[in-house]
Structure formats: C-alpha cells, structure tokens
Amino acid sequence: MSIKAGVGLSKESDSNKAGQEACRAAIDEMGGGTPDVTVVFASVEHDQEEMLKGIREASGGAPLVGCTDAGEITNDGPAKGGVGVMAIQSDSVEFTTGIGKDIKAGAREAGKAVAVDVQSKAKEALRAFIMFPDVLTGNGADIVRGVLDELGQNFPVIGGAAGDDFLFEKTYEYHNDEVVSGAVIGMGLAGKFSMGAGVRHGWLPISPPMKVTKSEGSVVHELDGRPAVSIYEDYFGSEAEELRKEPLARMAITYPLGLKVPDLEEYLIRDPITVDEKGAITCAAEIPEGSEIRLMIGSKEKAQDAARDAAKKLMGDFEAVGTKPKFLLMFNCIAREKLFAQHANDEIQAVMNIIGKDVPLLGFYTYGEQAPIGGEVRNPEKISSRFYNETVVMFAIGE
C-alpha cells in the first residue's frame, strides 16, 4: 500500500507551457510515472483551455479536477498569477471525478448532480468527497446540502470555492479537458487510507448580537428591523451609497458577519458581497431569518493562531492511528490573504512547521470553504459538513 504525491508551480506566461511545466514538476516530485489524478489551481490570467491542454499532455491524460483561484499555495508559500498542480499516485486509494453544472438554475440540484456523478463511477464506497464550487452564481451552503442529499448527512465534504483573482466577476472550473463556469467539480476518495482535517478562522465578535428580522437565502434585508447595511454604517460612519461603489466584500475582508451556530466553537463566518439600493446585503451563503449575528474583526495574530490550531487538529487525527500525511490540500479564504498582506507566507510556514515541510502541499485562496464542523472526519456520527467564509481548511491523506 502506497500513496505518492508531488507538487509543481509555474509562473510561465505562455499558458500551455505553464501547464506542462507545473505538471512535469509535480510528476517528478511524485517520483515519475503516470498520475492517478491531477489537481489544478490556476489564475484567471491564463488561457484556461491551453493551460489544461498542457497539463493533460504532460500527465498522459490523467483524470483532472480543479478551478481558478485568487492565488496559489505551495510549500514555498503564496503565489499569484501561476498554475499549481498536484500529481497523486496510489495503489490503495481510488479517485473518481465528476461535475454538476448550472448552479444558477439550482445550487442544491448541482450539488446533488456532482455527487451522483462521482459516486456512480466509484467501485468502492466513498469515504471522503472534495469539491470546487462556483459561489458567484449560487448559494454555497445549498451546494453542500445537495452533495449531502446524495452521500448522507454525516459524510465528510471538504473543499474550496473557485476564485478569480479578487475580481468577483467570473470563475472557471476544470474537469478533465473541460473548462466550465457556474459549475461544481467533485472528487471522491475510496479505498484504504487514513485522513485528517483542520478547520479554524480566529475572527472575534465586536458588536452586540443582532437578530436577522428579514432574509431570503443569502440576502439579508433587515437586522433588528433596520436595513442590513446599517450595521456597517453604524460602525464605520460610511453612507450606504459609498458601500455600493465597489463590492462590499473588499471592505468586509476584516469585518465580516458572524453567525451563531449550535455545536460550533467559533462563529460561522459569512462574507458580505454587495449592497442593493434598499440596504440589503447579499452574502456568500445564506443567513437564516431569526438567527443571531454579530460584526466580527480579524487580526493577524489570532488568524495565525487559528491556522496552527487547525494544523494541530489535523496531525492529531494521524497520530491517533499511528500514521503521517502523504499530501496536504489547503483551502484558505482570500480574506485571510488580504488580512496577512505581505506576511501571508507566515501563516503557511506556521502550518507546515507543524505538519512537516516535506509533506507536498497544494492549495489556493478561495471564495468560500467546505468542511465538517471542527474538522471531524473520523467519527461518522459527529460529522456535520458546512460552508464557511474567511476560514482555513486543511485536508490530508496518509497510508
């Protein structure tokens, strides 16, 4: 039984060459041969079709999943404008891939469709599901619900929402040779392996609790009977008109909304994206009517402490069964990269100091994250997968 993985990153401007270069480097680090699957995260700056062609050629047509991002993450730290590839080979893990299209027409339906597609191809029962959704076109939490509708409510779902270099315009998702938008890509894992996960954010509440008195899905109309945007007007003295000039997401990077959720140690973070003319805030996922929310604040110190805690939780999963990670996937919210700014690498290296600098790492800066509450992946009765914002999610596989 063995699991081999390698990571490659290319900053080559020619998209086809970038794909080939990153994939070949990943295969070399893996130890050569043909990958069982490749995972790809890349900038929207590239010609997406040409970049994938390069990877597929270099990998010998190995199955491929991935998406565009808001920055790549490898063992060397954060990068921008590049192509990151992880090549994985295993005689003990079965990887199956699939796609769910047209999130805009039905987010939950797209989530169920990708789970059905992946599960139908698997020879053995799935043990974990990795997903890359487009949340610019639909409710991220509903996509997760759709996956769970098919796989079961206590199934470990892990992933990150596609990005587009902080433009908030259009993302792309990859499945084999196909480049799509408005879709969710999935990869199922079956077979014999150990796994671990960590999930934390570190944001703290700064406002009194407020009640959501009117909301519809991901649109919050009123808080305590007032237009939702008043929470930002009250604290920052900004008029609603100013908050509409550019995506509220840019301002709310450090000041998101926190949703009180039972059984969750931290508040569940929700990113505000835009404000309409009536002061309603559209978020990256729903905030139910009647729920309690608070304005949150982030700091580099608390965020880095949270990342360390997530890494320690992940390693605890492996220590419990006497194994070590063979590769690590990281889904890290773009809000965290903006919070850390020029010190973003500090967070990555703090994590790798705990997990091991020799463990191949590929990740990306996301527009939302998916994982079980508390990173629980070992006790089925306790697994409850959710959609997050401004959170770091880590997932690793071992023998």
Side-chain angles (χ1 to χ4, degrees), residues 37 39 63-68 94-163 170-176 178-191 195 197 199 216-219 261 268 270 282-288 329 331 366-373 376-377 380-389 393 395:
V37 71
V39 181
L64 181 153
V65 294
C67 61
T68 51
E94 178 194 17
F95 302 95
T96 51
T97 67
I99 186 170
K101 296 183 178 180
D102 205 359
I103 289 171
K104 189 173 183 179
R108 191 162 185 162
E109 292 78 6
K112 182 167 185 176
V114 69
V116 168
D117 192 15
V118 169
Q119 186 161 245
S120 68
K121 299 169 184 172
K123 295 172 184 168
E124 297 183 51
L126 297 184
R127 294 185 54 210
F129 187 86
I130 299 172
M131 63 186 287
F132 311 120
D134 175 4
V135 299
L136 295 186
T137 57
N139 185 333
D142 267 349
I143 302 171
V144 174
R145 288 190 190 98
V147 171
L148 296 176
D149 286 343
E150 178 63 21
L151 300 182
Q153 295 307 303
N154 300 106
F155 197 88
V157 174
I158 301 99
K170 187 176 184 178
T171 71
Y172 298 93
E173 295 75 52
Y174 317 139
H175 183 233
N176 297 331
E178 198 172 6
V179 177
V180 294
S181 190
V184 52
I185 306 301
M187 178 168 72
L189 280 66
M195 58 181 165
V199 185
E216 295 174 274
S218 58
V219 181
V261 175
L268 189 63
R270 287 290 182 250
T282 297
C283 298
E286 89 283 353
I287 296 183
L329 293 170
F331 309 111
T366 71
Y367 287 175
E369 306 75 50
Q370 303 89 57
I373 287 177
E376 180 58 69
V377 293
E381 68 280 0
K382 295 181 180 180
I383 295 173
S384 179
S385 297
R386 299 292 182 92
F387 182 88
Y388 305 80
N389 289 125
V393 168
F395 180 68

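Numbers for residues simply follow the sequence, beginning at 1. Keep in mind the model is a prediction, meaning the values are calculated, not measured.
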**OP:** Given salt bridge (charged side-chain N to carboxylate O under 4.0 Å, His left out), test E173 with K101 step by step and report yes or no.
**Re:** CA-CA 10 Å; E173 295 75 52; K101 296 183 178 180; over 6 Å; no
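- Residue L148 holds its CG atom at 9.0 Å from CZ of F155, rounded to the nearest 0.5 Å.
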Could you list the donor-acceptor pairs under 3.5 angstrom formed by side chains in residues 127-134, with sequence neighbours left out?
from, atom 1, to, atom 2, distance (Å)
R127, NH1, G191, O, 3.2
R127, NH1, F193, O, 2.7
R127, NH2, F193, O, 3.2
D134, OD1, L136, N, 2.9
D134, OD1, T171, OG1, 3.2
D134, OD2, T137, OG1, 3.4
D134, OD2, T171, OG1, 3.4
D134, OD2, G182, N, 2.9

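- The neighbour count for K170 NZ, taken as heavy atoms of other residues, nucleotides or ligands under 6.0 Å away, does not exceed 12.
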Original post:
What do the steps show when you test V37 against L64 for side chain to side chain contact (heavy atoms under 4.5 Å, CB included), and what is the final call?
Top reply: CA-CA 6 Å; V37 71; L64 181 153; over 6 Å; no
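- Take Y367 and apply the ring pair (Phe, Tyr, Trp, His ring centres under 6.0 Å) test, not counting sequence neighbours, and it matches F168.
- Here R145 does not pair with E150 in a salt bridge; the nearest charged N to carboxylate O distance is not below 4.0 Å.
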Original post:
Yes or no on side chain to side chain contact (heavy atoms under 4.5 Å, CB included) for F95 and V65, after CA distance, side-chain angles and deciding distance?
Top reply: CA-CA 11 Å; F95 302 95; V65 294; over 6 Å; no
Original post:
Under the side chain to side chain contact (heavy atoms under 4.5 Å, CB included) criterion, do I99 and V180 qualify, and how do the steps go?
Top reply: CA-CA 10 Å; I99 186 170; V180 294; 3.7 Å; yes
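- Here the straight-line distance linking atom CG of D117 with atom OG1 of T97 works out to 7.5 Å at 0.5 Å rounding.
- Residue V147 is tested with L151, D149, V144 for a side chain to side chain contact (heavy atoms under 4.5 Å, CB included); the sole match is L151.
- Considering all non-hydrogen atoms of both residues, T68 and G163 come closest at OG1-O, 2.7 Å.
- Distance CD1/I373 to CG/L268: 7.5 Å, rounded to 0.5 Å.
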Subject >> Test side chain to side chain contact (heavy atoms under 4.5 Å, CB included) applied to F387 and D142, step by step >> reply: CA-CA 9 Å; F387 182 88; D142 267 349; over 6 Å; no
